[in-house]
Structures are given as C-alpha cells and as structure tokens.
Amino acid sequence: MGHSIFDRIRAAEGTVLDRPTFHADSDREEERLDGGAVWKLERAQYFNELDDPAWDAFVAGDWTRVLRTFAGERDWIREDVARYTDRGLEFRRLRIVEDPPSAYLQWESHSHRIFEECGHRIRALAAAEVADLESPTTLPELMVYGKRVLYQVRYDEAWTPIGAKRVDDSELVAEAARAIGELWERSEPFQDYFRRAIAPLPTPTMEGGGAQ
C-alpha cells in the first residue's frame with residue numbers, strides 16, 4: 001500500500017469548505033450514493049467537540065451525565081443505521097488508537113461502543129500499526145464517499161473542526177478507499193478494543209484544561 005496515497009491526499013488540490021458548507025456538501029454527496037461504503041478515518045487523539053451535550057458534560061466534570069447522554073442516543077443511532085441499510089449503504093469508521101488512551105479517547109470510546117452496539121461498524125487499529133505510514137506526519141482525518149469524492153477534515157490549532165478540503169479526483173478517491181479498507185482488515189472490532197483497553201480504566205477527567 002505504501003504511504004504515498006496519504007501524502008498525495010494532503011498535497012492534492014481541492015475546494016476548501018468552511019464547517020457549515022462541508023456538512024451540507026457531504027450530506028448531498030451521501031444522498032447521491034447508490035449503495036457501497038462511507039469511510040471515516042480518525043487519527044488524532046483529541047478533538048475539541050462543538051455543540052455536543054456529552055462533551056459539555058465531560059468538560060463540566062459530570063461523568064454520570066456523559067454516560068446518560070450517550071445512552072440516550074440509541075434510538076436515533078438505530079434509525080440512522082436503518083436509513084443506511086435501506087439504501088444499501090454501510091458507514092465504516094476506523095479509529096486509530098494510541099496506548100495509553102488519552103482522556104478524550106476514553107470519553108469518545110464510550111460513545112463508539114454504543115454506536116457499534118446499535119449497528120454501526122467501527123473498528124480500532126493501534127497507532128503502532130500505521131507508524132510506517134506516518135513519516136513525517138500523522139495520517140489525515142478523512143471522509144470518503146463511495147468512489148467519487150473525499151474530504152480531508154480540517155481543524156484549527158486547538159483541534160476544533162473548521163471544515164474540510166473536498167477532493168474530486170476519482171482515482172485518488174478510489175485509492176483512498178482501498179487504503180483505508182486495507183487498514184480496516186488489520187483492525188479489531190471496537191467492542192473488543194473497548195473491553196480490553198478502555199473498560200478497566202478509571203473515569204477520565206479533563207487534564208490541564210483539555211482532555212489530551
């Protein structure tokens with residue numbers, strides 16, 4: 001596979017979209033899909049979440065409210081899975097994980113566990129498994145819609161989402177889907193990762209003003 005595909009994505013020309021435009025644009029691309037997979041590759045071990053009640057609860061130090069909020073999302077997650085299934089689509093999220101897990105990753109993992117229980121396909125892959133692809137920088141955060149378009153998600157210095165770069169090079173998009181798929185085959189079901197690496201840990205807390 002080599003790491004050139006991810007370098008080429010970073011270097012590729014594309015249309016830079018702000019956050020609201022990115023969300024609207026990706027929603028339209030999803031509606032255009034006729035079956036197949038939507039890939040999400042997550043690499044960073046911390047993101048500054050926006051407009052997320054469970055994140056607000058975490059920042060406030062209320063872990064009970066975090067878990068209650070995540071649990072309360074089951075119905076709409078199942079509806080989302082059913083919507084994908086009815087259209088012959090499958091959302092596949094590949095989470096790169098470092099050891100020891102950051103406080104953010106612990107928080108997020110409780111959400112991912114529920115998403116997987118409700119039918120979304122999520123797998124975890126140790127960062128050591130992609131080390132050979134990460135010279136000189138880590139893998140990009142990606143969304144790949146079928147074989148037509150991909151988005152390299154963009155963040156500011158605090159890892160707050162600010163939009164994405166849209167890439168329409170069909171050859172590059174197909175290679176990206178294939179590369180993520182190869183990593184997917186080397187990964188483990190998220191429930192297995194959660195039981196092994198997350199469940200035994202104490203409740204995470206914000207550290208120094210951020211869940212790093």
Side-chain angles (χ1 to χ4, degrees), residues 3-56 73 75-96 104 108 111-112 114-116 118-123 133 137-184 190:
H3 67 272
S4 61
I5 176 60
F6 298 108
D7 291 337
R8 288 166 58 198
I9 290 170
R10 294 187 195 94
E13 294 184 1
T15 304
V16 176
L17 309 173
D18 63 21
R19 189 166 180 253
T21 306
F22 161 49
H23 287 165
D25 196 70
S26 60
D27 285 346
R28 285 191 296 269
E29 288 300 331
E30 182 182 299
E31 288 299 319
R32 293 176 62 188
L33 289 176
D34 183 20
V38 175
W39 291 99
K40 183 168 187 177
L41 175 64
E42 294 178 308
R43 173 60 181 92
Q45 304 300 290
Y46 171 81
F47 298 102
N48 182 27
E49 303 288 349
L50 295 175
D51 306 319
D52 188 321
W55 178 251
D56 294 340
E73 296 174 341
D75 286 346
W76 75 258
I77 296 171
R78 292 190 183 103
E79 291 173 1
D80 196 48
V81 171
R83 180 175 60 86
Y84 267 77
T85 301
D86 288 346
R87 299 180 54 213
L89 291 172
E90 186 172 69
F91 187 91
R92 295 186 175 186
R93 182 194 301 257
L94 179 61
R95 190 43 161 120
I96 306 300
Y104 174 89
E108 181 192 63
S111 174
H112 284 2
I114 288 176
F115 268 78
E116 194 178 42
C118 293
H120 270 299
R121 297 199 65 189
I122 307 175
R123 295 179 71 92
L133 307 179
T137 187
T138 57
L139 299 181
E141 313 294 323
L142 298 178
M143 295 286 301
V144 183
Y145 289 79
K147 298 181 180 179
R148 187 175 60 250
V149 61
L150 69 79
Y151 301 91
Q152 180 181 351
V153 187
R154 301 171 59 243
Y155 300 85
D156 65 14
E157 298 82 1
W159 283 97
T160 302
I162 58 173
K165 178 179 72 173
R166 174 182 169 129
V167 176
D168 291 275
D169 182 330
S170 60
E171 180 180 350
L172 199 60
V173 173
E175 287 188 42
R178 185 163 52 250
I180 299 172
E182 290 179 10
L183 295 177
W184 176 271
F190 200 85

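These numbers come from the heavy atoms of this one structure, side chains and all, not from hydrogens, waters or symmetry mates. Keep in mind that this is a model prediction, so the values were computed, not measured.
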Would you mind listing every ring-ring contact (aromatic ring centres under 6.0 Å, His included) that reaches into residues 158-180, with sequence neighbours excluded?
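Only F47-W159, Y155-W159 qualify under ring-ring contact (aromatic ring centres under 6.0 Å, His included).
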Check whether any side-chain heavy atom of [X] lies under 4.5 Å from a side-chain heavy atom of [Y], and answer yes or no.
X: E116; Y: H112; value: no
X: V144; Y: V173; value: yes
X: L94; Y: W39; value: no
X: T137; Y: R10; value: yes
X: V153; Y: M143; value: yes
X: L50; Y: T160; value: yes

For the ring pair F115 and W76, is the centre-to-centre distance below 6.0 Å?
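Yes, ring centres under 6.0 Å apart.
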Using every non-hydrogen atom in the two residues, find where [X] and [Y] come nearest and quote the distance to one decimal.
X: C118; Y: I77; value: CB-CG2, 3.5 Å
X: A158; Y: N48; value: O-CB, 3.6 Å
X: G146; Y: A177; value: O-CB, 4.4 Å
X: L41; Y: P140; value: CD2-O, 3.6 Å

With a 4.0 Å cut-off, would you call R83 and D86 a salt bridge?
no
Any side-chain to backbone donor/acceptor pair from [X] onto [Y]? Under 3.5 Å, distance only.
X: T21; Y: L17; value: no
X: Q45; Y: I96; value: yes
X: R87; Y: L33; value: yes

L150 CG to I9 CD1 distance, which is reported to the nearest 0.5 Å
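The distance works out to 5.0 Å.
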Atom OH of Y151 and atom OG of S26: how far apart are they, to the nearest 0.5 Å?
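Interatomic distance, Y151 OH to S26 OG, rounded to 0.5 Å: 5.5 Å.
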Sequence neighbours excluded, every pair satisfying salt bridge (charged side-chain N to carboxylate O under 4.0 Å, His left out) that has a member inside residues 156-168:
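Non-adjacent pairs meeting salt bridge (charged side-chain N to carboxylate O under 4.0 Å, His left out): D25-R166, E29-R166, R166-D168.
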Inter- and intrachain pairs under salt bridge (charged side-chain N to carboxylate O under 4.0 Å, His left out), touching residues 41-50, at least two apart
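Residue pairs passing salt bridge (charged side-chain N to carboxylate O under 4.0 Å, His left out), neighbours aside: K40-E42, E42-R93, E42-R95, R43-E98, R43-E134.
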Could you verify whether a donor N or O on one side chain and an acceptor N or O on the other, from Y84 and E30, lie under 3.5 Å apart?
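E30 and Y84 do have a side-chain donor-acceptor pair below 3.5 Å.
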